[in-house]
Amino acid sequence: MNSIKISIPSLIDNIKIIESFIDNARERFDINDDIYGNIMISVTECISNAILHGNQSDKEKLVHLELMAEDDKLSFVIEDEGNGFEIDNLPDPTAPENIEKPGGRGIFLIKHLSDEVKFENQGKKTILSFYMD
């Protein structure tokens with residue numbers, strides 16, 4: 001299994017570094033366009049959540065990203081240094097009372113664009129998996 005790791009300070013501008021990381025992974029692992037788009041949106045959204053919500057934009061706290069490549073699967077492990085969250089207590093963004101709200105769709109998007117999503121360590125660690133076939 002191949003593994004690549006990167007850690008960034010919790011500044012929203014560092015999303016650019018993550019985008020470059022994903023672009024490099026695209027070339028290294030020959031990721032097709034459809035999967036690439038899903039990965040880019042899911043991983044950058046998850047990193048953004050880790051920066052803004054997990055680490056509260058505290059530049060002293062890091063967000064860690066690890067890409068693990070197995071035979072036909074890529075997994076992205078995103079971990080923040082915040083307090084975590086309760087995944088079961090998030091409002092449903094498709095509920096009528098939430099449709100007009102500007103935010104709250106990140107986890108919904110991630111779940112629909114990734115093949116597998118796991119939340120661990122009270123939500124401080126998220127594993128997004130994508131099948132290459």
Set of residues satisfying side-chain contact (heavy atoms from CB on, under 4.5 Å) with respect to [X], sequence neighbours excluded:
X: L11; result: N14, K59
X: T44; result: I15, I18, E19, I22, M40
X: N38; result: L113, F130
X: D72; result: Y131, D133

Once side chain to side chain donor-acceptor pair (under 3.5 Å) is applied, do any residues pair with [X], and if so which ones, sequence neighbours excluded?
X: S129; value: S75
X: S57; value: none
X: E66; value: S3
X: D23; value: Y36

Only pairs under 3.5 Å count here: list side-chain donor-acceptor contacts from residues 46-55, not counting sequence neighbours, and write none if there are none.
| from | atom 1 | to | atom 2 | distance (Å) |
| --- | --- | --- | --- | --- |
| N55 | OD1 | E81 | N | 2.7 |
| N55 | OD1 | G82 | N | 3.0 |
| N55 | ND2 | S10 | OG | 2.8 |
| N55 | ND2 | L62 | O | 2.9 |

Mind checking whether [X] and [Y] sit in one hydrophobic cluster, side chains of I, L, V, M, F, W, Y counted as touching below 4.5 Å?
X: F29; Y: I6; value: yes
X: F21; Y: I17; value: yes
X: I41; Y: I31; value: no

Restricting to non-hydrogen atoms, name the atom on [X] and the atom on [Y] that form the minimum distance, rounded to 0.1 Å.
X: L74; Y: A69; value: CD2-CB, 3.5 Å
X: I78; Y: F76; value: CD1-O, 3.7 Å
X: A25; Y: L67; value: CB-CD2, 3.5 Å

task = Output every pair passing salt bridge (charged side-chain N to carboxylate O under 4.0 Å, His left out) with a member in residues 106-131, not counting sequence neighbours, ordered by first then second residue.
result = E120-K125
message = Listing request: all salt bridge (charged side-chain N to carboxylate O under 4.0 Å, His left out) pairs with a residue in residues 24-35, at least two apart in sequence or in separate chains.
response = R26-D33
query = H64: what forms a ring pair (Phe, Tyr, Trp, His ring centres under 6.0 Å) with it, not counting sequence neighbours?
reply =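 For H64, no residue satisfies ring pair (Phe, Tyr, Trp, His ring centres under 6.0 Å) once neighbours in sequence are set aside.
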message = Let's go through V77 and M68 carefully: what are the C-alpha distance in whole Å and the side-chain angles of both, what is the deciding distance for side chain to side chain contact (heavy atoms under 4.5 Å, CB included) to 0.1 Å, and is it a yes or a no?
response = CA-CA 8 Å; V77 181; M68 296 183 297; 3.5 Å; yes
task = Count the heavy atoms of every other residue, nucleotide or ligand shown that sit under 6.0 Å from CG of N2, and state whether that count exceeds 12.
result =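 Count over threshold, so yes.
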key: Point-to-point distance, once rounded to the nearest 0.5 Å, from OG of S114 to CD1 of I35   =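 One gets 11.5 Å once the value is rounded to the nearest 0.5 Å.
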